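What you see is a predicted model; the values in this text were computed from it and never measured.
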Amino acid sequence: MAQPTFSTHVGMVDILPGEVEKWQALERIIHEEAKKFNFEEIRTPIMEQTELIARGVGQLTDIVSKEMFAFERGEDQYVLRPECTAPVARAFVEHHLEQRGGTQNLYYIGPMFRAEKPQKGRQRQFHQFGAEVIGADDPAADVDIIALMMSIYDRVGISNTSLKINSVGDPESRKAYTKALKNYFRPHLDDMSDISKERFEKNPLRILDSKEEEDQPFIEDAPVITDFLTEETEAHYARVKELLNELEIPFEEDPYLVRGLDYYTRTAFELISPDLGAQDALGGGGRYDLLIEEIGGQHTPAVGFAAGMERLFIACEELGIDLVEEEMLDVYIVTLGEEARTWGLKHLPKLRKAGLSASMDYIGRSIKAQMKDADRENARHVIIVGGNELAEGKFTLRNMKASEEDSYTFEDILNKLTN
RNA sequence: GAGCUCGUAGCUCAGCUGGUUAGAGCGCCAGGUUGUGGCCCUGGAGGCCGUGGGUUCAAAUCCCAUCGGGCUCCCCA
């Protein structure tokens, strides 16, 4: 097709009418479930200070080192948010939300931006929903966050997922583990991939994430972090697992689960779907006990999750799940002639005030075209207005589903349709 | 950032190893029904075959480049 003058940027897509409905349906589910869990919505700006993301998410992460949409304007550095936990944490600190008392149970829905090469389930502007419990150290918070996430997928009808969990440790456990890992990998390094060699220096934990074939045998026998947890963290992790069992949320322990954002501590989890292909993570999250301090707040333990909406829709498609109910138009007024059009325009508001959805033709089409339009709009009823009707004060009301019609005064029509 | 693959009407696609005005189904518009939708019939609009260059008497068809999509790697949602 001919090149249009303008198009969206790579990896950014329009959500068109006909598609928006499923977004609305999902958003409704998220709002409803969040409400049941007593979470409050928070909306933060699309742009943040670059430094917040750099410090929050971590300088060494892929997100910060190569995937940010960032620019300067005068003295200020802007970045399109690549995720929403750091922004929510920022808002928490900035507005002293701890003063509201108790834990802050917050959720969000919105677009995020990462400058990656797009492919299925990966866009440059994508949408996440997520939730955070800020101010709770207890495993109950970890588990309630997971439960909220799972209950949204439940409502949607995606059930063939697997929940993987791990504990990535507190700083002390992490230090001991990193040391053990380096000791373990050092003698094998020559036989391992270049990526792993690089990670050995920068962030040995990430070696475990390697998909390179030559690394697999070494990873298999690598020490696992769960053996290096401090007593306290181990107890925390054990309690999380215990509670998940109590709630009958099935999970799988994955001692090699390492998440890509630096702020995670202790509990980490990921929800995987077999229906997604290469990008198989529906969502994930974990604890980030140090993040709020890192960005200038008081020490505040917190836990949260984020999930991708596009990926959820892909899974729906694979599973044949349709979130959208058929949309119906209550009334379509078909008019013949100028006088009838005026009548129609005057009576639309009366129908709408009565709570009915109502529409009519604007462009003077033939009755046939108007009927066709009414059909396309999935109209339940059509009111036909022509010279005869105007003269008699009685209008033809056609039930489109039953294909039956009769004449009534407008008042009778209104009564009939609102009962 | 790397590899593979694809790119023809609004949509889904057909066009064999290059050969006259580029096709189908769906959708859209109109007519058959001078006041009635969904079914059916008829007609119409809509494509310089992603873009640029090359080979050739001749290119949607072959070659190169480029842009875009898909898949994989990396990483993540």
query: Given Watson-Crick or G-U pairs with both distances under 3.5 Å, what dot-bracket string fits RNA chain B, with | for other-strand pairs and [ ] for crossing?
result: (((((((..((((.....[...)))).(((((.......))))).....(((((..]....))))))))))))....
message: Please determine whether a side-chain nitrogen or oxygen atom of A/R122 lies at a distance below 4.0 Å from atom OP1 or OP2 of B/C74.
response: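 For B/C74, neither OP1 nor OP2 has a side-chain N or O of A/R122 closer than 4.0 Å.
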Between [Y] and [X], does any NZ, NE, NH1 or NH2 come within less than 4.0 Å of an OD or OE carboxylate oxygen?
X: A/R122; Y: A/E116; value: yes
X: A/R266; Y: A/D170; value: no
X: A/R376; Y: A/D373; value: yes
X: A/E32; Y: A/K35; value: no
X: A/E48; Y: A/R90; value: yes
X: A/E83; Y: A/R114; value: no

For [X], answer base if it contacts any base atom (sugar-phosphate contacts may also be present), sugar-phosphate if it contacts only those atoms, and nothing otherwise; contact means non-hydrogen atoms under 4.0 Å.
X: A/V10; value: sugar-phosphate
X: A/K368; value: base
X: A/R114; value: base
X: A/Q123; value: base
X: A/G337; value: nothing

How long is the line joining [atom1] of [X] and [atom2] of [N], in whole Å?
X: A/R311; N: B/A77; atom1: CZ; atom2: P; result: 8 Å
X: A/F126; N: B/C76; atom1: CZ; atom2: P; result: 12 Å
X: A/D375; N: B/C39; atom1: CG; atom2: P; result: 8 Å
X: A/F269; N: B/A77; atom1: CZ; atom2: P; result: 11 Å
X: A/L282; N: B/A77; atom1: CG; atom2: P; result: 11 Å
X: A/R365; N: B/A30; atom1: CZ; atom2: P; result: 7 Å
X: A/I63; N: B/C74; atom1: CD1; atom2: C1'; result: 14 Å
X: A/K401; N: B/G37; atom1: NZ; atom2: P; result: 15 Å

Taking the [atom1] atom in each of [N] and [M], what is the distance between them to the nearest angstrom?
N: B/U56; M: B/G19; atom1: C1'; value: 12 Å
N: B/U20; M: B/G1; atom1: P; value: 42 Å
N: B/G50; M: B/G15; atom1: P; value: 15 Å
N: B/G47; M: B/G10; atom1: P; value: 7 Å
N: B/A60; M: B/G52; atom1: C1'; value: 16 Å
N: B/A9; M: B/A22; atom1: P; value: 14 Å
N: B/G69; M: B/A24; atom1: P; value: 31 Å
N: B/A58; M: B/U21; atom1: P; value: 15 Å

message: Ring centres under 6.0 Å, that's the criterion: do A/H347 and A/F410 meet it?
response: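 Ring centres of A/F410 and A/H347 closer than 6.0 Å.
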query: Between A/K241 and A/E253, does a salt bridge (Lys or Arg N to Asp or Glu O under 4.0 Å) hold up when you go through it step by step?
result: CA-CA 9 Å; A/K241 288 183 282 187; A/E253 277 190 79; 3.2 Å; yes
Any donor-acceptor N/O pair under 3.5 Å between [N] base and [X] side chain:
X: A/Q125; N: B/A77; result: no
X: A/D373; N: B/G37; result: no
X: A/E405; N: B/U36; result: yes
X: A/E389; N: B/G35; result: yes
X: A/S366; N: B/G35; result: no
X: A/S7; N: B/G68; result: no

Which nucleotide in the list [options] gets nearest to the side chain of [X]?
X: A/E116; options: B/C29, B/A77, B/U36; result: B/A77
X: A/K117; options: B/G3, B/A77, B/U36; result: B/G3
X: A/R398; options: B/C76, B/G70, B/G38; result: B/G38
X: A/D280; options: B/C76, B/G3, B/G35; result: B/C76
X: A/Q119; options: B/C73, B/G35, B/A77; result: B/C73

field: A/H9 vs A/G308, nearer the 5' end of RNA chain B by closest nucleotide
entry: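 Here A/H9 is the residue nearer the 5' end.
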- prompt: Quick one: on RNA chain B, does A/M400 or A/A307 contact a more 5' nucleotide (nearest heavy atom)?
  reply: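 Its nearest nucleotide being more 5', the pick is A/M400.
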- request: To the nearest 0.5 angstrom, please state how far the CG atom of A/L26 sits from the CE atom of A/M309.
  value: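 CE of A/M309 is found 4.0 Å from CG of A/L26.
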Closest heavy-atom pair and its distance - A/F37, A/N105: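 Heavy atoms only, the tightest pair is O-ND2, 4.5 Å.
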